[in-house]
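Before any comments, here is the structure.
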Protein chains: 2
Amino acid sequence: MATNKNATINDVAAAAGVSRATVSRALAGYGRISKQTVDHVRSVAEGLGYRPNALAVAMRAGKTKTIGLVVISDFTNAFFDRATKSIIDRAKELGFRVLIQHSDEDVAVERVAVETMLSNQVDGIILVPASTTKHSHLTPKKLGGKPVVIIDRMLDIQRFTTVTTGDEVAAKEAVLYAGESGHTNLGFLIAVPGIRGFTSTQPEIPITSVQERVDGFELGVKTAKAKSVWVYSEDKQAIAESAVEKLLDSPKAPTIIFTSNNDMLLAVLKVVGERGLTIGKDISVVSFDDSPWAAAMVPGITVISRPVEELGSIAVTELVEAIEGNTKPKEIVLPASLVIRGSVAKLTKSK
Amino acid sequence: MATNKNATINDVAAAAGVSRATVSRALAGYGRISKQTVDHVRSVAEGLGYRPNALAVAMRAGKTKTIGLVVISDFTNAFFDRATKSIIDRAKELGFRVLIQHSDEDVAVERVAVETMLSNQVDGIILVPASTTKHSHLTPKKLGGKPVVIIDRMLDIQRFTTVTTGDEVAAKEAVLYAGESGHTNLGFLIAVPGIRGFTSTQPEIPITSVQERVDGFELGVKTAKAKSVWVYSEDKQAIAESAVEKLLDSPKAPTIIFTSNNDMLLAVLKVVGERGLTIGKDISVVSFDDSPWAAAMVPGITVISRPVEELGSIAVTELVEAIEGNTKPKEIVLPASLVIRGSVAKLTKSK
DNA sequence: ACGGAATGCGAGAACGGTCTCGCAATTCTC
DNA sequence: GAGAATTGCGAGACCGTTCTCGCATTCCGT
């Protein structure tokens, strides 16, 4: 069994009867070298199936053309898979590769992930931070000066470029839309990482994006002068379902339920369906984040859609810019928008 | 602005007043070295925040502890995101990193992706091949002897370890279940990559997993002695919807529709919903691949569930085994199973 | 007290590239 | 036709590690 090692530049040099330097010149096309030599070396290299060792190139250059992506994982959440795909694709366009690690919403795991990326000499990192406040592994010193772009959420420091979506505005807009449709008793189901079970008193929310959604919802409730019931739930199907039960059984049962993400929406769908209620008629629903299935259901679910692909793409563009030149940190906020389908019933106002 | 380069082993050696070799020994814990020196070097290294350059280590060792993953992308397809996640996680357990590229079902893109991986010196590759027959970029020579594990589909050669699911058996089982439930007019909606529009005559199917599903369905139809209508569709929402219309409008309208993947299921849901039909009552549905939303809907969708996480995990385990020792190629087939929910109506047999 | 074994550590090569420098050969200039 | 300029290419340093080899020094036994 031939262990078929790939050809190195030395092999090419030997086969072509020239020095390593000449091979390098011929293939990269720089420096003083005759056309004949270039052609000769190139054909020899091709014949040998030579391909430069990216590791060696990176070591010499001090650049790897690789960016690290640390997401909290949970691909069930439609957001992160779409973001991941758009990041990989945009990176490819710009000539970068992507190394992916999951933090599972755990700061300790995130820390290790970042260290792994750094020891792999990534040129920069895109990070969905597990915590707003815990970022001692993200000091300039520990990062070795490598740029970082934060997406989806914000940190309590403004050291990095941040790409987020304007969830507060969109959340308020959604509530006002419900108000215009005649809904006055509103229910809210908010997924909060880190809590156990569910509760109706607002817990500490460790993630700015969720906080924004809550703020926007509250603002909407205030503006519309509506009544509201809130449940904050662990991000787990079974528990979220109990939370929905509680929402539906509360004294002033809401005619519409707003959910902070797709997983919560699924819980609503399940419980509501089991009770024999029809979406868009007996009960209304609005959820954060669009997905193919939310669009394909009948009636389609009215959602607050975030420009996820754009977010990922912009994050890469910004990061690469920071890698190649020195840029100042900026805060980029992309607009989220209400996509109206059929899941919100028009209530006849009984004034 | 301090460009804060990360400390190298030379910095540590200088700071500790010893040679590079000694630092290496102290940190890796091998060779003849005094306990005092070890402690001293370690504390100095920690103080400097030293972390070995993985590139240099890899170059020296000839191993990168990285595996390449080439998937056809399409994260909307629930299969690939779950597979990707399980692969990353299992790789992490075994001390490997994962480099991801998408082929978009295009052999040319797949070829480039594989070459990129190889030039990045991955230790092995996990591949979802875009084509059964076109694999000239996967010769032992081009691969430089690096092992490859094929998942989800098979090639027409048996050079590589393959991890797939037993879709034929499961497809047949699903059809028989429908027969037992009283269905005799069966509809099939098959997504075929590479075709345009939709057709009712069977086109060439470039992917073994889809072929298996078709074979299994056909076997079931034969065994159950049922009538069947088939539509083969491009994998695009709008077109799939037209295909569903055609299925429902065919002379012998089916009472149940089988779909070859989740995207097709969504098309069925949409059209059926728009026609005011109720799933599990007016029309029945069975789909390949489980998903959170298929489970959360009411009624839940009866699906043929494939052990995707297990598949990914096994693929990594096999690949790492091949990387570390020399193993023979094997064909691993994991069982897919029918998950019965409420989307198949029990028909009273009118004999 | 002296030879041999054990111990601790440094020098230097190697991995596979890139790139600067300098040398020889050719061409140009008047 | 002699000196200068240009051209083409090789030698060797370097990136950050690991690891083999060999050299001092200490330790032990007799």
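So you know, we letter chains A, B, ... as the sequences are listed, proteins then strands, and number each from 1.
- The CG atom of A:L55 sits 21 Å away from the P atom of D:dC14 (whole-angstrom rounding).
- Here the C1' atom of nucleotide C:dG17 and the CG atom of A:N6 are 14 Å apart, to the nearest Å.
- The A:S34 side chain lies nearest to D:dC9 when the options are D:dG16, D:dC9, C:dG17.
- Distance CZ/B:R111 to CG/B:D106: 10.0 Å, rounded to 0.5 Å.
- Atom OG1 of B:T22 and atom CZ of B:R25 lie 4.5 Å apart (nearest 0.5 Å).
- The CG-P distance, from B:D39 to C:dG8, rounds to 13 Å in whole Å.
- Residue B:T22 has a polar side-chain atom (N or O) positioned under 4.0 Å from OP1 or OP2 of C:dG10.
- Residue whose closest nucleotide on DNA chain D sits further toward the 5' end, between B:R32 and B:N53: B:N53.
- In this structure, B:I33 atom CD1 and D:dC21 atom P are separated by 19 Å, rounded to whole Å.
- Rounded to an integer number of Å, the gap from NE2 of B:H40 to P of C:dC9 is 11 Å.
- One finds no salt bridge joining A:K85 and B:D81 here, because no Lys/Arg side-chain nitrogen approaches an Asp/Glu carboxylate oxygen to under 4.0 Å.
- Listed nucleotides: C:dC9, C:dG16, C:dC19. Nearest to the side chain of A:T8: C:dG16.
- For A:N120 and D:dC15, the CG to P distance is 20 Å, given to the nearest whole Å.
- Between A:R20 and B:R51, the residue anchored nearer the 5' end of DNA chain D, judged by the nucleotide with its closest heavy atom, is A:R20.
- Here the CZ-CG distance, from A:R51 to B:L118, works out to 7.0 Å after rounding to the nearest 0.5 Å.
- Dashed line: the shortest gap from a side-chain N or O of B:Y50 to OP1 or OP2 of D:dT17 is under 4.0 Å.
- Side-chain proximity of B:N10 to C:dC9, D:dT17, C:dG17: nearest is D:dT17.
- Per the geometry, CD belonging to A:Q121 stands 9 Å off C1' belonging to D:dG16, to the nearest Å.
- The nearest whole Å value for the distance from the CD atom in A:Q36 to the P atom in D:dT7 is 15 Å.
- Looking at the side chain of A:M59, the nearest of the listed nucleotides D:dG10, C:dG16, C:dG17 is C:dG16.
- Picking from D:dG10, C:dG17, C:dG16 the nucleotide with the shortest atom distance to the side chain of A:R25 gives D:dG10.
- For the pair B:A21 and B:A56, both in contact range of DNA chain C, the more 5′-proximal nearest nucleotide belongs to B:A21.
- Closest to the side chain of B:T37, out of C:dG12, C:dG8, D:dC9, is C:dG8.
- Smallest separation of non-hydrogen atoms from A:A91 and A:V98: CB-CG2, 3.5 Å.
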